[in-house]
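All ligand and atom numbering here is 1-based and tracks the order in the structure.
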Amino acid sequence: MYDVIVVGARCAGSPTAMLLARRGHRVLVLDRATFPSDTVSTHYIHQNGLARLRDWGLLDELRATDATPIRVAHFAYRDIAMSGFAEPVDGIDTTYAPRRAVLDEILVNAARRAGAEVVEGFGVSDLVFSEGRVVGVRGHEPGGLAREFRAAIVIGADGCRSVVAKATEAQAYKVVPATGVNYYAYHSGLDWALEHRVGFNGIWCGGWPTNHGLTVLAVICPKARFKEFRRDVPGNFQATFDEVHPELGAQLREQGEREGDFVAMPHADNYYRHPWGPGWALVGDAGYHKDPYPGFGITDAFMHGEILAERLHQALSGERSMDSALAEYHKLRDETSVRNYEFTTKLSAFGELSPRLNAVFGAIQRSPEWTTKLFGLFAGGVEHHEIFSREAMERLYDDTGVPAADRVYA
Ligand SMILES: Cc1cc2nc3c(=O)[nH]c(=O)nc-3n(C[C@H](O)[C@H](O)[C@H](O)COP(=O)(O)OP(=O)(O)OC[C@H]3O[C@@H](n4cnc5c(N)ncnc54)[C@H](O)[C@@H]3O)c2cc1C
């Protein structure tokens with residue numbers, strides 16, 4: 001009998017397990033994958049995600065890999081373009097985009113070192129219920145042997161297609177259908193910072209350095225144009241960079257060497273799922289998913305894993321009831337993410353900006369100071385109201401000399 005079973009051992013599961021094991025709880029982690037292994041992701045981590053790794057004592061391990069530090073970002077949305085970088089967030093002045101085979105191995109090893117039992121290659125097929133409560137999981141060991149494990153609580157950190165969410169019929173809310181299909185591939189020969197650009201063609205392209213001297217390049221193509229795009233993926237990939245930013249297109253053609261195949265992934269819908277019930281909880285993509293365009297998935301998984309682990313510790317050590325602990329986790333998860341969620345679902349359609357966003361972004365691009373602030377919003381160091389409150393917008397328009405007739409507030 002365990003205190004906690006965590007299904008899924010990547011960015012949500014391993015940190016949650018690690019933090020609970022460090023508090024002395026008996027934790028079992030099950031993942032059908034084996035580690036180190038990659039998963040579908042372009043793996044950019046924002047400053048506030050890296051601050052979590054630092055606090056957990058894992059950032060130096062990541063820095064000791066050959067992951068390239070990132071200190072400059074170029075962001076464009078149609079005719080709006082800006083370059084700069086966020087102010088340090090919680091002391092973190094550099095970002096990284098480590099390959100998931102690198103990052104997830106650090107996380108799994110940290111969970112093990114903390115005392116969690118990690119079983120790789122174990123696929124969970126179902127949950128065990130007793131009198132309406134989840135009391136365990138059943139599944140299969142690598143050799144095919146069926147096993148059942150029991151715990152006070154089962155955490156689904158098992159991604160978008162979560163078995164735990166399905167078995168508990170966790171209700172989805174604020175659902176916004178996905179709009180894009182992601183194609184990405186690793187390239188050598190390029191020396192790019194963070195490139196993040198939406199073109200007039202309604203397609204996003206970007207790229208940033210990762211490990212092993214490689215740059216991950218990606219294109220997000222609207223679902224409606226997916227069939228046309230996939231007829232000639234290498235040709236359309238190159239053509240997207242050429243059209244959105246000819247200079248990057250030329251660098252890709254003349255200096256870039258693709259190392260490996262393209263990965264294609266239709267984005268899952270944007271959603272929140274009710275993240276808890278009797279004997280179970282959800283964390284990471286299993287409970288909250290949004291378009292990967294702004295790259296919040298890993299950072300959110302870290303932050304929400306920490307919030308959940310702290311509340312579970314309080315409940316497991318008898319400080320409060322499990323229901324009140326999980327209700328607070330739910331509230332904090334949603335309150336701290338909803339503004340980014342709305343922002344993400346608006347921007348990731350790659351259509352014309354709303355009049356307000358167009359006016360605000362248009363003003364921001366004229367000011368290095370406000371550009372730093374906007375990048376700080378993505379990085380997690382600036383609150384939405386510091387840019388989008390009426391007073392902040394007034395200041396922005398004053399600072400950048402926007403005439404009264406062009407000022408949009410709502
Ligand atoms: C194309 C693409 C690009 C992205 N780019 C970025 C980016 O640049 N930055 C960023 O922050 N986010 C990015 N994301 C999002 C990010 O990858 C996810 O938000 C993040 O991986 C979520 O972590 P997780 O631990 O919740 O789930 P996952 O990483 O999906 O891990 C779930 C784990 O659960 C295991 N599992 C699932 N079912 C079972 C089962 N039944 N039994 C046992 N184990 C199971 C899986 O094997 C897996 O190891 C991207 C996503 C996509 C699709």
Side-chain angles (χ1 to χ4, degrees), residues 5-17 28-46 48-50 70 95-101 103-105 107-108 118-127 137-142 147 149 154-167 178 180-185 194 196 204 206-208 210 216 218-221 262-268 270 273 275 282-305 308 337 340 344 348 378 380:
I5 293 173
V6 182
V7 185
R10 292 190 188 269
C11 346
S14 279
T16 309
L28 173 68
V29 187
L30 303 167
D31 200 306
R32 64 179 167 217
T34 57
F35 298 92
S37 59
D38 267 327
T39 186
V40 176
S41 180
T42 48
H43 40 78
Y44 182 83
I45 312 179
H46 290 281
N48 57 348
L50 292 164
I70 302 170
T95 57
Y96 295 91
R99 284 287 281 262
R100 293 294 295 271
L103 173 70
D104 295 351
E105 192 186 25
L107 300 174
V108 172
V118 183
V119 182
E120 301 180 24
F122 188 100
V124 171
S125 50
D126 209 349
L127 301 184
V137 302
R138 60 174 69 94
H140 293 87
E141 284 185 340
R147 291 282 306 263
F149 296 102
V154 172
I155 299 176
D158 48 346
C160 291
R161 294 196 193 89
S162 168
V163 166
V164 178
K166 191 166 176 215
V181 180
N182 204 310
Y183 282 91
Y184 68 89
L194 176 72
H196 209 282
W204 173 92
W208 40 86
T210 175
V216 58
V219 163
I220 303 177
C221 153
F262 285 98
V263 178
M265 175 56 69
H267 293 168
N270 304 272
R273 286 183 183 135
L282 301 174
V283 68
D285 279 7
Y288 166 50
H289 176 263
K290 59 271 149 203
D291 193 285
Y293 158 73
F296 289 136
I298 297 170
T299 296
D300 283 344
F302 289 173
M303 299 204 313
H304 298 158
L308 175 60
S337 61
N340 273 350
T344 301
S348 60
F378 292 121

Per-pair distances, ligand 1 N/O vs protein N/O, less than 3.5 Å:
{"residue": "ligand 1", "atom": "5 (N)", "partner": "Thr42", "partner atom": "N", "Å": "3.0"}
{"residue": "ligand 1", "atom": "5 (N)", "partner": "Thr42", "partner atom": "OG1", "Å": "2.7"}
{"residue": "ligand 1", "atom": "8 (O)", "partner": "Thr42", "partner atom": "OG1", "Å": "3.0"}
{"residue": "ligand 1", "atom": "8 (O)", "partner": "His43", "partner atom": "N", "Å": "3.1"}
{"residue": "ligand 1", "atom": "8 (O)", "partner": "Tyr44", "partner atom": "N", "Å": "2.9"}
{"residue": "ligand 1", "atom": "9 (N)", "partner": "Tyr44", "partner atom": "N", "Å": "3.4"}
{"residue": "ligand 1", "atom": "9 (N)", "partner": "Tyr44", "partner atom": "O", "Å": "2.9"}
{"residue": "ligand 1", "atom": "11 (O)", "partner": "Tyr44", "partner atom": "O", "Å": "3.3"}
{"residue": "ligand 1", "atom": "11 (O)", "partner": "Gly295", "partner atom": "O", "Å": "3.2"}
{"residue": "ligand 1", "atom": "11 (O)", "partner": "Gly297", "partner atom": "N", "Å": "3.2"}
{"residue": "ligand 1", "atom": "11 (O)", "partner": "Ile298", "partner atom": "N", "Å": "2.7"}
{"residue": "ligand 1", "atom": "17 (O)", "partner": "Ser41", "partner atom": "OG", "Å": "3.1"}
{"residue": "ligand 1", "atom": "17 (O)", "partner": "Arg100", "partner atom": "NH1", "Å": "3.3"}
{"residue": "ligand 1", "atom": "19 (O)", "partner": "Asp285", "partner atom": "OD1", "Å": "2.8"}
{"residue": "ligand 1", "atom": "19 (O)", "partner": "Asp285", "partner atom": "OD2", "Å": "3.2"}
{"residue": "ligand 1", "atom": "21 (O)", "partner": "Arg100", "partner atom": "NH1", "Å": "2.9"}
{"residue": "ligand 1", "atom": "21 (O)", "partner": "Arg100", "partner atom": "NH2", "Å": "3.3"}
{"residue": "ligand 1", "atom": "25 (O)", "partner": "Cys11", "partner atom": "N", "Å": "3.3"}
{"residue": "ligand 1", "atom": "25 (O)", "partner": "Ala12", "partner atom": "N", "Å": "3.0"}
{"residue": "ligand 1", "atom": "26 (O)", "partner": "Asp285", "partner atom": "N", "Å": "2.9"}
{"residue": "ligand 1", "atom": "29 (O)", "partner": "Arg100", "partner atom": "NH2", "Å": "3.0"}
{"residue": "ligand 1", "atom": "38 (N)", "partner": "Arg32", "partner atom": "NH2", "Å": "3.4"}
{"residue": "ligand 1", "atom": "41 (N)", "partner": "Val124", "partner atom": "O", "Å": "2.9"}
{"residue": "ligand 1", "atom": "42 (N)", "partner": "Val124", "partner atom": "N", "Å": "2.9"}
{"residue": "ligand 1", "atom": "44 (N)", "partner": "Arg32", "partner atom": "N", "Å": "3.1"}
{"residue": "ligand 1", "atom": "47 (O)", "partner": "Asp31", "partner atom": "OD1", "Å": "2.7"}
{"residue": "ligand 1", "atom": "49 (O)", "partner": "Arg10", "partner atom": "NE", "Å": "2.9"}
{"residue": "ligand 1", "atom": "49 (O)", "partner": "Asp31", "partner atom": "OD1", "Å": "3.2"}
{"residue": "ligand 1", "atom": "49 (O)", "partner": "Asp31", "partner atom": "OD2", "Å": "2.7"}

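The ring pair (Phe, Tyr, Trp, His ring centres under 6.0 Å) search around Phe302 returns Trp56, not counting sequence neighbours. Applying the ring pair (Phe, Tyr, Trp, His ring centres under 6.0 Å) test to Tyr183 and every residue at least two apart in sequence or in another chain returns Phe229. For Thr39, the side-chain contact (heavy atoms from CB on, under 4.5 Å) partners two or more places apart in sequence, or in a different chain, are Arg10, Arg100, Asp104.
How far CH2 of Trp204 is from NE2 of His196: 5.0 Å, rounded to the nearest 0.5 Å.
Under a 3.5 Å cut-off, the side chain of Arg273 and the backbone N or O of Ala286 do form a donor-acceptor pair.
For the residue pair Tyr293 and Asp291, the shortest heavy atom distance occurs at N-OD1, 2.8 Å.
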